[in-house]
Amino acid sequence: MTDFGVAERRILSYFKAGTMIMLKGKELIVKEVGKPTCPQGEPKTDIYVLTTDGTEIKISYKKENADFLENKTNAVRAEQLFGSNWRGIIEHSTEGISDQFRKRMLIYKEKLQRTEKGAITLGWKFELLNKAGGDLSGKMDLTYQQVYDVYAGTNLSDDKRNASVNGRIIENSGVADYILVTDDVSSAQDIIDQMYTIDEYIRKHPDIYFVCKALNYRTFAKKYDGNRPLAVQVDWSVNNGKLSSELVFDKPLEMNGDVMAKRLLRCLEFLKIKTTDDIDGDNANMDNVNE
């Protein structure tokens with residue numbers, strides 16, 4: 001399967017200056033093409049085309065096997081995507097599948113599927129997909145406008161909206177108007193023919209899904225995979241001399257991996273637990289332990 005960057009560069013290469021294209025029955029000549037960029041993160045537009053008459057074609061590109069819409073969701077990004085009620089939207093989503101969270105193992109004395117032996121869960125990251133993604137997944141309860149904002153990037157910060165194209169800032173260049181989902185293109189016109197407006201795409205694919213993925217502290221390696229904001233946190237504590245846990249749903253993306261790891265490590269140090277091999281019924285509540 002072609003790498004995304006290679007596929008993206010291939011698409012850019014078809015829009016050479018002077019190339020003629022037909023868009024909505026109008027003949028246009030390509031003047032400039034580029035990839036919008038910003039200092040941190042990414043705008044929604046992947047392919048920016050400017051024609052000689054001033055028409056802008058701003059395309060968000062995804063490969064056919066792409067699932068993720070947002071895979072590094074933090075509080076700032078969530079507000080840009082969902083608006084001022086972003087906390088309520090995420091909390092409503094995760095609490096809707098709270099039973100699934102409570103069924104999950106939190107301490108892995110043995111390897112289980114892709115979770116390695118020695119893992120202790122700190123919480124779950126929040127990601128957006130275009131389809132359901134397992135047990136800790138569900139459909140987002142969003143308005144049409146909120147779905148539109150997710151795909152187009154309408155509410156992105158100024159540096160992502162007004163991105164840099166070929167070395168200069170172009171207003172709203174980072175806000176996409178079209179979506180292209182394909183692995184197979186052969187010309188600039190083929191790309192134009194295959195792309196959808198954001199509105200057309202949403203009417204065909206109206207649903208956005210969330211998935212929560214565990215961030216685990218690995219006791220044997222003494223590490224975890226990044227200081228990611230957590231939509232649901234595991235609040236570790238020592239109660240009656242035993243390692244105990246409580247799931248926190250009402251502080252979405254307010255606490256991150258570093259904070260939750262420090263809490264866990266204080267508990268492990270107090271109980272003289274170095275790895276999950278040291279955990280048993282004498283020093284831990286065993287309800288969410290796989291053995």
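If you read the sequence from its start, that first residue is 1, and numbering goes on from there. None of these values were measured; they are calculated from a predicted model.
For the pair E8 and K62, the salt-bridge criterion is not met [side-chain N within less than 4.0 Å of a carboxylate O]. A salt bridge does not link E269 to K274: none of the charged nitrogens lies less than 4.0 Å from a carboxylate oxygen. Salt-bridge annotation for D282 and K242: absent, with no side-chain N of the basic residue lying under 4.0 Å from a carboxylate O of the acidic one. By the 4.0 Å N-to-carboxylate-O rule, K251 lies too far from E91 to be salt-bridged with it. With respect to the salt-bridge test (charged N to carboxylate O, under 4.0 angstrom), the residues K109 and D277 do not qualify. Under a 4.0 Å N-O distance rule, the pair R87/D250 does not qualify as a salt bridge. Salt bridge annotation for D258-K262: absent, with no cationic side-chain nitrogen under 4.0 angstrom from a carboxylate oxygen. Salt-bridge annotation for D235 and R263: present, with a side-chain N of the basic residue lying under 4.0 Å from a carboxylate O of the acidic one.
In this structure, the side chains of F82 and L128 come closer than 4.5 Å at one or more pairs of heavy atoms. The shortest side-chain heavy-atom distance between L28 and M22 does not fall under the 4.5 Å cut-off. Residues M140 and S93 form a side-chain contact, since some pair of their non-hydrogen atoms from C-beta on lies under 4.5 Å apart. For the pair I89/D141, no side-chain contact is recorded, criterion being any heavy-atom separation below 4.5 Å from C-beta on. Using a 4.5 Å cut-off on side-chain heavy atoms (C-beta onward), K26 and D53 make contact. Side-chain contact check for L129 versus F210: every heavy-atom pair is 4.5 Å or farther apart. With contacts defined as side-chain heavy-atom distances shorter than 4.5 Å, the pair I29/T19 does not qualify. Side-chain atoms of R77 and K160, non-hydrogen and from C-beta on, do get closer than 4.5 Å to each other.
Judged purely by distance below 3.5 Å, without hydrogens or angles, the side chains of R102 and S98 pair a donor atom with an acceptor atom. Inspection of the T182 and D184 side chains reveals no N or O donor paired with an N or O acceptor under 3.5 Å. Checking D159 against S157 by side-chain atom types alone, a donor-acceptor pair falls below 3.5 Å. In this model, a donor atom of one side chain and an acceptor atom of the other lie less than 3.5 Å apart for N166 and E32.
Residue D207 holds its CG atom at 4.0 Å from NZ of K139, rounded to the nearest 0.5 Å. Put simply, CD1 on I59 and CD1 on I47 are 6.5 Å apart, with the number rounded to the nearest 0.5 Å. L112 contributes atom CG, which lies 10.0 Å from atom CD of E110 (distance to the nearest 0.5 angstrom). Atom NZ of K213 and atom CZ of R114 lie 6.5 Å apart (nearest 0.5 Å). Atom CE of M20 and atom OG1 of T51 lie 12.5 Å apart (nearest 0.5 Å). Interatomic distance, CG of L122 versus CG of N256, reported as 10.0 Å (0.5 Å rounding).
The aromatic rings of Y61 and F4 lie parallel to each other, their planes meeting at an angle below 30°, with 60° marking the opposite boundary. Using a 30° and 60° split on the angle between ring planes, Y201 and Y151 fall in the perpendicular class, above 60°.
Within a 6.0 Å radius of CZ in F270, no more than 12 heavy atoms belonging to other residues, nucleotides or ligands are found. Residue E64 qualifies as enclosed at atom CD: its count of foreign heavy atoms under 6.0 Å is above 12. Other residues, nucleotides and ligands contribute over 12 non-hydrogen atoms within 6.0 Å of the CZ atom of F249.
When the options V185, I191, I192 are evaluated for a side-chain contact (heavy atoms from CB on, under 4.5 Å) with Q189, the one that passes is I192.
In the hydrophobic clustering of ILVMFWY residues, with side-chain heavy atoms under 4.5 Å counting as a link, V232 and M260 come out together.
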- Task: Any chance you could lay out the side-chain contact (heavy atoms from CB on, under 4.5 Å) test for L243 and N285, step after step, and finish with the verdict?
- Result: CA-CA 6 Å; L243 183 64; N285 292 319; over 6 Å; no

- May I have the step-by-step check of salt bridge (charged side-chain N to carboxylate O under 4.0 Å, His left out) for K272 and D278, ending in yes or no? CA-CA 8 Å; K272 296 181 170 51; D278 301 326; over 6 Å; no

- Item | Stepwise salt bridge (charged side-chain N to carboxylate O under 4.0 Å, His left out) check, K103 with D135 | CA-CA 10 Å; K103 291 176 184 175; D135 291 343; over 6 Å; no

- Stepwise side-chain contact (heavy atoms from CB on, under 4.5 Å) check, L215 with L230: CA-CA 8 Å; L215 179 67; L230 301 171; 3.9 Å; yes

- Please report the C-alpha distance between E56 and K31 in whole Å, then the side-chain angles of each, then the deciding distance to 0.1 Å, and finally whether the salt bridge (charged side-chain N to carboxylate O under 4.0 Å, His left out) criterion is met. CA-CA 10 Å; E56 294 177 311; K31 179 180 179 181; over 6 Å; no

